[in-house]
Enquirer: 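The structure follows.
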Protein chains: 2
Amino acid sequence: MVTKQLAGSHDEADLTRADSLAREIFSDVANKWAFLIIEALGERTLRFSALRNEVDGISHKMLTQNLRILERNGLVERTVYPTVPPRVEYTLTEPGQGLREAVSGMCAWTQRYLAHIESARRDFDAGSAAM
Amino acid sequence: MVTKQLAGSHDEADLTRADSLAREIFSDVANKWAFLIIEALGERTLRFSALRNEVDGISHKMLTQNLRILERNGLVERTVYPTVPPRVEYTLTEPGQGLREAVSGMCAWTQRYLAHIESARRDFDAGSAAM
DNA sequence: CCGAATCCACAACGATACTG
DNA sequence: CAGTATCGTTGTGGATTCGG
């Protein structure tokens, strides 16, 4: 699936539509900031500013932007308390939690191969520099 | 980890270094094309042009670029056969396979929530359009 | 406190053309 | 066939400012 799929089903135009939708979702979700936001949220409910502190290095703009996208896809829930000053909380929905598990898988993978990757990079960079 | 970590270890400067490295890896790997390439490769060995056919919509340039990055991180192995015309094959290394499993997790997640997400989007877009 | 909009530098991307 | 370089366009992301 997603790339070319194994065509286990019946129709074809139908699958390619699902495929292009899957691509869109990937575009929305498969980026550094979305991942970090999802990991930061975890099972907690956080305010905008708290979230901004957790995901460090993220700009105000990027945070809002990515949160909007996640919200649009139904992965985070946005709750506005009409107090003054305003107060907005974000929390992962159930599909969002599902994604978080996948993301956690990637995080675990990163941890596991950290050293391996680091040395692969050194080798590669050393090889490129040889001229 | 990756974002702020739970500080289960001893030192601190050490962890933040690992953390920033993890970030770098995320930047390299957490993007649409890298994911699609990894899924397309799977357990097979593919030539450049074959890979290009599998990951459809990808440009020549993007493919080389992402392959270089993956190679640099030791996730794909690049084998050049010095024939004429040249022939270059790509295959996932063991760490690459590990990443692929995580990516597959995301693909499975996508499939699972496809309909859910689609309707969440409709709701969101309908809400935004209300003015 | 949160979000939207503006401005702007610069990175990403696609198309093309050229090399081995 | 595979890779690199260049160019022009589009997009991304930060800083700032204004508004609720």
Side-chain angles (χ1 to χ4, degrees), chain A residues 20 23-24 26-37 40-41 44-73 75-91 124-125 127-131, chain B residues 20 23-24 26-37 40-41 44-72 76-91 124-125 127-131:
Chain A
S20 81
R23 289 268 190 126
E24 270 184 60
F26 260 48
S27 303
D28 280 1
V29 138
N31 83 72
K32 178 184 159 189
W33 292 128
F35 278 17
L36 294 173
I37 290 170
L41 267 176
R44 301 177 290 176
T45 294
L46 292 177
R47 301 184 55 166
F48 184 87
S49 43
L51 200 45
R52 185 148 158 52
N53 291 334
E54 290 297 316
V55 182
D56 88 25
I58 197 170
S59 67
H60 187 102
K61 188 185 181 180
M62 281 291 93
L63 185 54
T64 7
Q65 198 170 98
N66 279 280
L67 282 171
R68 282 295 158 283
I69 292 172
L70 293 173
E71 189 194 356
R72 182 171 112 92
N73 288 282
L75 309 181
V76 304
E77 193 182 67
R78 178 167 175 271
T79 317
V80 182
Y81 297 93
T83 59
V84 42
R87 169 204 180 93
V88 183
E89 290 184 346
Y90 294 91
T91 188
F124 186 90
D125 295 347
S128 308
M131 42 175 114
Chain B
S20 80
R23 288 270 188 125
E24 270 184 61
F26 260 47
S27 303
D28 279 0
V29 139
N31 84 72
K32 179 183 158 190
W33 292 129
F35 278 18
L36 294 174
I37 290 169
L41 267 176
R44 300 178 290 177
T45 293
L46 291 177
R47 301 184 54 168
F48 183 87
S49 44
L51 200 46
R52 185 148 157 54
N53 291 332
E54 291 297 316
V55 182
D56 87 28
I58 198 170
S59 67
H60 187 103
K61 188 182 179 181
M62 280 292 91
L63 185 54
T64 3
Q65 198 168 97
N66 279 280
L67 282 171
R68 281 296 159 285
I69 292 172
L70 293 173
E71 189 194 356
R72 181 170 113 92
V76 305
E77 194 182 63
R78 177 167 174 270
T79 317
V80 182
Y81 297 93
T83 59
V84 43
R87 169 202 180 92
V88 183
E89 291 185 344
Y90 293 92
T91 188
F124 187 91
D125 294 346
S128 309
M131 39 175 121

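Below, chain A is the first sequence line, B the second, and so on; all start at residue 1.
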Enquirer: Yes or no on side-chain contact (heavy atoms from CB on, under 4.5 Å) for B/Leu51 and B/Leu67, after CA distance, side-chain angles and deciding distance?
Expert: CA-CA 10 Å; B/Leu51 200 46; B/Leu67 282 171; 4.0 Å; yes

Enquirer: Apply the test side-chain contact (heavy atoms from CB on, under 4.5 Å) to residues B/Glu71 and B/Arg68: give CA-CA distance (whole Å), side-chain angles for both, the deciding distance (0.1 Å), then the verdict.
Expert: CA-CA 5 Å; B/Glu71 189 194 356; B/Arg68 281 296 159 285; 3.8 Å; yes

Enquirer: Between P on C/dC2 and CG on A/Leu63, what's the gap in Å once rounded to a whole number?
Expert: 10 Å

Enquirer: Within less than 4.0 Å of OP1 or OP2 of C/dG3, is there a side-chain N or O belonging to A/Arg78?
Expert: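 Yes.
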
Enquirer: What about B/His60: does its side chain form a donor-acceptor pair under 3.5 Å with the base of C/dG14?
Expert: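 Counting by modelled atom types and ignoring angles, no donor-acceptor contact under 3.5 Å is found here.
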
Enquirer: Closest to the B/Ser49 side chain: D/dA2, C/dC7, C/dC13?
Expert: D/dA2

Enquirer: Walk me through whether A/Arg23 and B/Asp56 qualify under side-chain contact (heavy atoms from CB on, under 4.5 Å).
Expert: CA-CA 11 Å; A/Arg23 289 268 190 126; B/Asp56 87 28; 3.7 Å; yes

Enquirer: Could you check whether any side-chain heavy atom of A/Leu70 comes within less than 4.5 Å of a side-chain heavy atom of A/Val29, counting everything from C-beta outward?
Expert: yes

Enquirer: Over how many whole Å does the gap from B/Arg87 atom CZ to D/dG3 atom P extend?
Expert: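 In whole Å, D/dG3 P and B/Arg87 CZ are 13 Å from each other.
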
Enquirer: Nearest to the side chain of A/Lys61, which nucleotide is it out of C/dC13, C/dG3, C/dT6?
Expert: C/dT6

Enquirer: Please tell me which of the listed nucleotides, C/dC13, D/dC1, D/dG13, lies nearest to the side chain of B/Arg47?
Expert: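 The closest nucleotide is D/dC1.
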
Enquirer: Would you say C/dC1 has OP1 or OP2 under 4.0 Å from some side-chain N or O of A/Tyr90?
Expert: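 Answer no for this pair, as no side-chain N or O of A/Tyr90 is under 4.0 Å from OP1 or OP2.
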
Enquirer: Distance check needed: D/dA2 P versus B/Asn53 CG, whole Å only.
Expert: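 Checked: the CG to P distance equals 10 Å.
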
Enquirer: Please state how far atom CZ in A/Arg52 lies from atom C1' in D/dG13, giving the value in whole angstrom units.
Expert: 13 Å

Enquirer: Rounded off to whole Å, could you give me the CD-to-P distance for the A/Glu89 and C/dG3 pair?
Expert: 12 Å

Enquirer: Could you check which of D/dC1, C/dC2, D/dT4 has an atom nearest any side-chain atom of B/Arg68?
Expert: D/dT4

Enquirer: Output yes when a side-chain donor or acceptor of A/Asn73 lies under 3.5 Å from a complementary backbone atom of A/Ile69, and no otherwise.
Expert: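 Here the side-chain-to-backbone pair exists.
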
Enquirer: I need the NZ-C1' distance between B/Lys32 and C/dC13, as an integer number of Å.
Expert: 11 Å

Enquirer: Identify, between B/Ile58 and A/Ala50, the residue whose nearest nucleotide on DNA chain C lies closer to the 5' end.
Expert: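 Final value for this comparison: A/Ala50.
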
Enquirer: Roughly how many Å is it from CD in A/Gln65 to C1' in D/dG14, rounded to a whole number?
Expert: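 Answer to the nearest Å: 11 Å.
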
Enquirer: In whole Å, what is the span from the CE atom of A/Met62 to the P atom of C/dA4?
Expert: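 Checked: the CE to P distance equals 13 Å.
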
